[in-house]
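Have a look at the structure below, then the notes.
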Amino acid sequence: MGTGEWVYSIEYRQTCQIIDVQSLWDEVIYRVWLPIQDTIVRIPASRLKPLDEAVSNTPAHLTYTATAARLADALTHDILLAPIESRVIPLPHQMRALSQAINSHRVRYLLADEVGLGKTIEAGLIMRELKLRGRVKRTLVIAPKGLLTQWVAEMQVHFNEDFKLLIPGDFSAYRKIMAESNIWQSYDQVVCPMDSIKPLEGRRGWSKEQVAAYNQERFEDIIAAGWDLVIVDEAHRLSGSSEEVARYKLGQGLADASPYLLLLSATPHQGKTDAFYRLISLLDTLNFPGIESITKERVKPYVIRTEKRSAIDANGKPLFKPRQTRLIPISWEQRHKEQQLLYEAVTEYARKGYNQAIIEKKNYIGFLMILMQRLITSSTRAIRTTLERRLEILQGSDEQLTLPLTLSEDEWLELDGQEQINAFLATRLVALKNEREEVRLLLNAAKRTESSGPDPKAEALLDWIYKIQQEEGNPELKFLVFTEFVPTQEMLREFFKERGFSVVCLNGSMGMDERKVAQDNFSQKARILISTDAGGEGLNLQFCHVVINYDIPWNPMRLEQRIGRVDRIGQTHPVKAINFVLKGTVEHRVQEVLEEKLAIILKEFGVDKAGDVLDSLQAEQIFDDLYINAIIHPETFDDKIELVVTNVKEQVKSVRESTSILGSQEELNPLEARRLSEHPLPHWIETMTINYLKSHGGVAERKGKTWNLTWPSGEKMNNIVFTLDNAEGFPSARQLTLEDSCIRGVSMNIPPFVSPQPIPCLIFSDISTEIQGFWSLWKVAIQTSNWNRQRIMPLFLHDDGRILYPTARYIWDKMISNVYNVRHYLDGQESQDIFNKLWKTAEKQGRSQYEQLVQEHKEFLTQEINKWEYALTVRRKTIERLGLPQVRAYRLLHLEQEDRERREEINQKSKISPELVPLLLIRVGEKIDG
């Protein structure tokens, strides 16, 4: 074995080329080049074999190589892997989102589909695609508190991905079992709440050291944990009101923490260009160096958006069913006199208490009074239990009273009614004058009322359930009932169980396992699910189509969120939404007028629902103020409602106009999803793996629908499947995909075909005998300092000199199907001559592929240069406006240095080296030309 000769390395299991020979102390050492790793190593002569003794040209090896190359070819042609190897078949707009994201060199996007179009699924598909391509291992999901369990559940159900829900407040328990000082590094896939990790400037009663420790554990450690992909749900909350807001600082940290970033928001542009600029600039500070860079042309490449009116299913039909919404006023009957009197008494207590609190500058007591009003509207049980807790506090000592609320305004608005009342009662608020006696009297009245019989709304709910199930002719019809408060939920559960209904409940205090059990019971057996707003967050209940809002939240956006639990992708029936309100109450008056006014606004602007254009938190304060004014100052209600309507109208108009900056959308193609569902990728992976093991000393044993695999290293894998269909009925089965390191290694490290390696002669039973010639596979690639791209090129050179491209791909399919016989081999000088001839052919035919790769790289560099030059111009103008000459000169000097460094970096990226690698050569047919 001499210099330049190709041999086989037993240790590295591949062909390699000798570049130097050294004899030392009776030992011969070879320096060899390993082409797969593109590295040089020293190997003893005893660990090398001649090619003719070691290289496998068995049918299993040939099929393995052909199939591995086909997988590589699929990746170069941007075949989308995630839809093929996930439990979800994407809808056309989700396919487009995935395709647009993956076809970019940088994956940093704003997913801005309108409400209900499945942005979580889109993000999951992009994550899976990046994982399957080996570009992502560690993923962090940031979401508002109420959406955390939804993320964990949907990633598991749809993508078989396990995410760890990490709550910084629970870290003391983790530290007992975790060795890492940075807990965020303990798991590769994490979901955590947005407001638990934002940095603090300070906190009342805390030292600087305590604040620093807090920020270290939450903000700084999570940023430094080394993420490949960061996903932020409800990302518009990161924009803040200025650059000094903690959520915006969190956004900046997250944007810098990962090369890949997905921001999810249905309402990214609320008519506030400065806030939108702060949000979109997180994706690319170079492209958005200042607010003047917010133009449609610059924004469009970073935004993926679909509007509901254009969304279609896989058959090209509109995605959403029509919706029927009815406001049902519930009358007070004579038997409900006690309830009516209690409502009026509590309303007066709330009105007087609120006014007194404002006079005494105890605004937090005013908020509590307003909550009391919402409680009495909900149920007698809700007000009675809260009055009991309030009286207990008021009877305590003064030293126990008045602890500060530690929630920010945004955090407070995100809580549902039950969570707000819990937060208030936990602070043990100081009493108003004479409040203790007033609460005692109200509590006695509530107890009398509760014992007098069911609430009027409970009786009406029972009547409507019977009525709707009769209308639909379905005695097993399911109903989703929403209430704001847990005591009302408990009362309704008892009420319906006593009447023979199967009932389950969901609320914000329940853990993930409890929630899953409740949802499963509702989908299988239970007729009625009673949920609070916090309990309902993240639910997907398309199997139910009737929603009854037992009490109506003041914010119409929250009502939309409730109905959205059933009015979503996959719903097969028109949705019925029934909204209860007590007739003649303040709430009835507001709801009746508000519903009419909002309908006019939405019709004027062509919007289906206000929630499609207005963010829930943005609307919260507007509608809270309206209801409070109606309770406290009913005489001014008409003027107030007109102000609110004007405000909402201006906001909707502003949002609709500003949303145009997000760009128009192309027509959706319903065929792509169906085509991908039939893609043979999992079959290719199975064929490649089994044939690799057969040809490399491993073992593959089929056990029904599963495989037991033994790898050449000795590692064993049992109960293996390659498609999710085969996993059904086998709970312990493990699916092997391109995401697994062993499969990626087998598919990516294809050994090259080297001369004078023997060329196998194959006979195909279903290929015409007129097809005589040489078939070969080649990798055409370019390499730069940071950007390597390739194409896989099949060639068929007929004995008559023709290059037949369709025949080349046809033979490739037959190689994967393993429908051929190896007759004999061509070796020696004959093999060398054929190899040289095919090399010249491949060099000529591959030039166009190489030039296409070069052109793609040049286009990428041009985008980089244009983006940098735009940012450079904007930054230079900003610096030149500075007042102090010395500061201006200093910053311009640093900008020039940064410019030189950036241009040198781009220059290095422009240096390209071509690569042509033979992967497989075979003879097709018996004859050889000449």
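Given the structure is predicted, the values throughout are model-derived calculations rather than measurements.
Atoms NE2 and CZ, on H93 and R305 in that order, are 12.0 Å from each other to the nearest 0.5 Å. In this structure, E129 CD and L98 CG are separated by 5.0 Å, a value rounded to the nearest 0.5 Å. Remark: L140 CG to I231 CD1 distance equals 8.5 Å, nearest 0.5 Å.
For the 3.5 Å distance criterion, the side chains of S265 and H236 qualify, holding a donor opposite an acceptor. Side chains of N507 and Q489: a donor on one and an acceptor on the other come within 3.5 Å. Side-chain contact check for E484 and Q418: no donor-acceptor pair (N or O, by modelled atom type) lies under 3.5 Å.
Qualifying salt bridge (charged side-chain N to carboxylate O under 4.0 Å, His left out) partners for D113, counting only residues two or more places apart in sequence or in other chains: none. Checked against side chain to side chain contact (heavy atoms under 4.5 Å, CB included), A255 has the following partners two or more places apart in sequence or in another chain: R108, L261, L282. Checked against salt bridge (charged side-chain N to carboxylate O under 4.0 Å, His left out), R138 has the following partners two or more places apart in sequence or in another chain: D188. Residues forming a ring-ring contact (aromatic ring centres under 6.0 Å, His included) with H573 (at least two apart in sequence, or on another chain): H545. Partners of K119 according to the salt bridge (charged side-chain N to carboxylate O under 4.0 Å, His left out) rule, which considers only residues two or more places apart in sequence or in another chain, do not exist here. Remark: E514 engages M510 in a side chain to side chain contact (heavy atoms under 4.5 Å, CB included) (not counting sequence neighbours). Take R493 and apply the side-chain hydrogen bond (donor to acceptor under 3.5 Å, both in side chains) test, not counting sequence neighbours, and it matches no residue. Residues satisfying the side chain to side chain contact (heavy atoms under 4.5 Å, CB included) criterion with M717, sequence neighbours excluded, are L709, W711, E715, I720, R734, L736, C742. For D233, there are no salt bridge (charged side-chain N to carboxylate O under 4.0 Å, His left out) partners at least two apart in sequence or on another chain. Taking the side chain to side chain contact (heavy atoms under 4.5 Å, CB included) definition, one finds that N718 meets it with N708, sequence neighbours left out.
Judged as a ring pair (Phe, Tyr, Trp, His ring centres under 6.0 Å), the pairs with a partner in residues 508-529 (not counting sequence neighbours) are, in order, F522-F543. Among pairs with a residue in residues 301-321, those fulfilling ring pair (Phe, Tyr, Trp, His ring centres under 6.0 Å) read F288-Y302, at least two apart in sequence or across chains.
The pair D520-K516 meets the salt-bridge criterion, with a side-chain N (NZ, NE, NH1 or NH2) lying under 4.0 Å from an Asp/Glu carboxylate O. We find that E560 and R323 are joined by a salt bridge, their nearest charged nitrogen and carboxylate oxygen being less than 4.0 Å apart.
Residues V107 and L262 form a side-chain contact, since some pair of their non-hydrogen atoms from C-beta on lies under 4.5 Å apart.
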